[in-house]
Amino acid sequence: MKTFMLGWEFPPFISGGLGTACYGLTKAMDKLGIKVTFVLPKGTGNPAGSVKTIGANDVRTATPSEQFTNTKFRVISSNLKPYASVGSHEHNYSYGKILLEIPDIGPMFSPDNYTGDILAAVSQYAEKAMMIAGVEDFDVVHAHDWMTYPAGKAVSCQNHKPLVVHVHSTEFDRSGEHVNQTVYDIERMGMHAASKVIAVSNLTKETIVKHYGVPSAKVEVVYNAVEHNGDGICHIPAEKKDKIVLFLGRITMQKGPEYFLAAAKKVLQVVDNVKFIMAGSGDMMHQIIELAASMGIGNKVLFTGFLSGEDVNRAYKMADLYVMPSVSEPFGISSLEAMDRNVPVLMSKQSGIAEVVTHALKVDFWDIDEMANKMIAVLKRPQLKTNLSKNGFHESCKFKWEDSAMKVKNIYEEVIEQAKSKEKK
Amino acid sequence: MASVCFYFQVHQPQRLRHYNIFDRGDNYLDDYKNAEICRKVANKCYLPANKLMLELIRKHKRKFRISYSITGVLLEQLERFAPEVLTTFKQLADTGCVEFLGETYHHSLAFLYSKDEFIEQVKAHRQTIKQLFGQTPRIFRNTELIYNNGLPPIIDQIGGFDAIIAEGADHILGYRNANFVYRPPTSTKLKLLLKNYRLSDDIAFRFSNRDWSQWPLTADKFASWINAVNGCGNVVNLFMDYETFGEHQWEDTGIFNFLRHLPQAILRHPDNNFKTPSEVIRTYPPVDTVDVPYTISWADIERDLSAWRGNSMQENALAELYRLEGKVKNTENAGLIDIWRRLQTSDHFYYMCTKWFADGDVHKYFNHYNSPYDAYINFMNVLDNLDRSCSEAILKKPQRIYELSAERQSKTSNDNVVNSLCFSERT
């Protein structure tokens, strides 16, 4: 079985869960023997010139061959970038540390930038993808998130192969009420053109059915997983005096940073020896720093900016509690990562992962009192922390990319079968 | 000849309301939820089951006999939320065919933590049963059938009891079976009635299970299993939650019809009869001693304490709760002592069980919390606030009384040292 995969993030060049998910899924599909051609945009145009671009050859040489034996990477030069942010997340995988500074395309919700440059890049990506597809052989097209949907549809039509679109997030997650109509239209077009839509959670499936008018039967849920680092023991630096509550993610409306601060303020009324670390960057970063100061807790909230590689692991290891207060989180891989690293997790109920994880604390993102109540409980009660981290670690081990890949494989088989029977008619 | 001895456990906890770290005040119970569940269970189980039991006793001219153990915390709730249930229990008591057993008023784990508190709760329960039903319990059953060799001496010390009910766990019986009266090695007077867990669980757990090879279970089929006991036992002890009828097994499973036909199916064999626990021990002498050095219970497949003391959150919550005993009693404030006792109900700790949580099973069904972690957080918040209230109450107490109670306090703590010796880890 051969798949033509269209993505726009791949480690180490990632800004969120999408790249992590594409990496984990592709690696596991590779192991299942599925031949993958992965088409990626090439990050270019950084004025500072510090950008390392990743070309097909680079990836091949940078990647240990045992990780990808059936996968071929094809790179397109375009300015694709899913989320606007000051920096971007880079995770350190075994094949080296390379930091990608994706050029800033300006505030995400500015319609000019969002539509102008990005849309040009999207269509450019689609054109190039069609050219690559012209010389590739495959059975199915798999497009990850809206920027690749036009390419997915075009390739699907050109090569007469069924399309699967994989929804890692929707415009409603990213923008809340202020939906960008053009992006929404592209998403809708992609979902309707596809033979099957893969959603990362039931929460996302509901959005797809409710807001995009896709029949429920056409949407399959395939949960994400986590790359287990195999490190079951939590190393806490001995000199640590303060407890640490960690927020790790883009500092943007979708991730609920202001709810985190409001809860932190309440926690500090009860617990003194605690610091709140906000790791990440984003369009709300300056606003949140100012908010912390004006709330009078500026000395208790630390901003690390964008963390990369080993620093991410260090942040998890220092943390007594990981909080994911997302307003809308299609899945939430970072919570699984925290659990995998023995960190207790408090996650918002408005996340896909909250559907499937049991050994974590859950709260409505807007329920500040309850969020603080649970934060305090973890900080004050060692037995709670121990049970959460121990059971959470075991639970995270149940999430395997191999299982997700197997489900995707089944979906491929189904759509290929469908396409064949249609052809006969 | 086989006697069938039915004992039904009747209990509903008083659930705590959501209580966060910022909450103050001594309003800890979720009256709305407690009333709602109490009425629901009354309508689905207590009322129809009581009505049926009454019918069966009359129909079989007093040959059908049963026993109940009703907790104090449920009796209080019935009085407030479903008084008609109490009336029907009183009618059952008046038939003379129904025996009421003794237990801790608060369905607590006090036996494992504080002998003094345990004795007080057993006495309080006995008094309540006497007041309501006009009979004094002679048979003791501990919370969740928690039992070890240490229990009989304490029951002897309280006095007035003839036997204790316990789980017929395989590992304490060995080659023997539960269908005889036994005695503990630690008491000369008391006898032991052990649950026949296979036949009990056939009704309580497997009745509606369509994957079970014996499904559907009919009264005749069950009676044939009772008949098969003839010759290798005197008594079949069928001990189960009363909520089996209509709540755990819903009416549409046919559980009430099964019960309706069971007495006549069993009595069809001339050697069979029904007996209350007191009648059983009067009729059959103990055949052997059963040694139980390790604590057993009737819970889960482990039949141990792991449902309440299986993780460190549960251990911590229980330790902190009983650590407060001296302080709470020192306040001599009836309200504070009362709420402290309500916190002892074993269900609060059952909610914190992580054993099977991820697999979703029976533990989840009875749990109004979203997770065991939420249960622990909530309980500890309540306990923290109670602790604070106790400190305030002690400060407000006039000095003279304070000195007196300080003496008592030191006496209690001495007792506690003794207790902790007798009650040292048996698990």
Side-chain angles (χ1 to χ4, degrees), chain A residues 262-272 274 321-323 336 339 343-349 351 353-364 367-399, chain B residues 16-25 28 30 306-323 348-365 367-388:
Chain A
K265 168 99 180 160
K266 287 194 173 262
V267 170
L268 288 164
Q269 293 168 7
V270 181
V271 188
D272 186 47
V274 56
L321 172 67
Y322 176 70
V323 181
L336 268 190
M339 287 164 79
V343 184
V345 173
L346 170 57
M347 56 178 66
S348 87
K349 290 181 184 172
S351 67
I353 183 141
E355 292 166 24
V356 273
V357 157
T358 49
H359 293 287
L361 300 177
K362 297 169 193 174
V363 65
D364 287 307
D367 195 347
I368 300 305
D369 274 351
E370 188 58 15
M371 199 185 289
N373 181 42
K374 287 184 165 154
M375 285 177 172
I376 292 165
V378 174
L379 298 173
K380 266 180 73 174
R381 314 219 181 266
Q383 289 85 359
L384 180 63
K385 193 189 162 196
T386 315
N387 277 275
L388 277 169
S389 58
K390 183 182 69 183
N391 297 327
F393 171 74
H394 287 298
E395 190 167 30
S396 76
C397 294
K398 290 182 194 161
F399 290 83
Chain B
L16 299 174
R17 75 173 175 93
H18 180 73
Y19 201 91
N20 80 24
I21 191 85
F22 308 106
D23 279 331
R24 292 292 177 266
Y28 302 112
D30 191 339
S306 57
W308 310 276
R309 289 176 64 172
N311 67 46
S312 55
M313 296 187 294
Q314 295 171 304
E315 289 284 12
N316 174 246
L318 278 159
E320 290 296 312
L321 175 68
Y322 284 98
R323 198 176 56 81
H348 298 309
F349 312 100
Y350 190 81
Y351 299 142
M352 301 173 196
C353 177
T354 46
K355 227 179 359 170
W356 301 106
F357 179 59
D359 304 323
D361 77 331
V362 62
H363 284 254
K364 229 179 205 169
Y365 179 81
N367 199 338
H368 60 287
Y369 292 105
N370 288 322
S371 83
Y373 308 104
D374 289 7
Y376 173 71
I377 293 170
N378 208 52
F379 184 88
M380 295 309 280
N381 285 343
V382 168
L383 197 59
D384 263 7
N385 200 60
L386 180 64
D387 192 356
R388 193 178 302 119

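Numbered from 1 within each chain, the chains take letters A, B, ... in sequence-line order.
Under the rule for a salt bridge (Lys or Arg N to Asp or Glu O under 4.0 Å), A:D367 has no partner lying at least two apart in sequence or in another chain. Remark: B:H18 engages A:E370, A:N373, B:N20, B:N378 in a side chain to side chain contact (heavy atoms under 4.5 Å, CB included) (not counting sequence neighbours). Listed by chain and number, the residues in a ring pair (Phe, Tyr, Trp, His ring centres under 6.0 Å) with A:F399 amount to none (sequence neighbours excluded).
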A:N391 and B:Y373: side-chain hydrogen bond (donor to acceptor under 3.5 Å, both in side chains), yes or no, with the steps?
-> CA-CA 11 Å; A:N391 297 327; B:Y373 308 104; 3.0 Å; yes
Salt bridge (Lys or Arg N to Asp or Glu O under 4.0 Å) assessment of B:D374 paired with A:K362 = CA-CA 9 Å; B:D374 289 7; A:K362 297 169 193 174; over 6 Å; no
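For a heavy-atom cut-off of 4.5 Å, chain A lies close to B:M380, B:N381, B:D384 in residues 379-388 of chain B.
Taking 4.0 Å as the cut-off between side-chain N and carboxylate O, B:R323 and B:E320 count as a salt-bridged pair.
Between B:I21 and A:K380 there is a side-chain heavy-atom pair separated by less than 4.5 Å.
The parts of A:L384 that come within reach of chain B are both its backbone and its side chain, each placing non-hydrogen atoms under 4.5 angstrom from that chain. Heavy-atom distances place both the backbone and the side chain of A:K266 under 4.5 Å from chain B.
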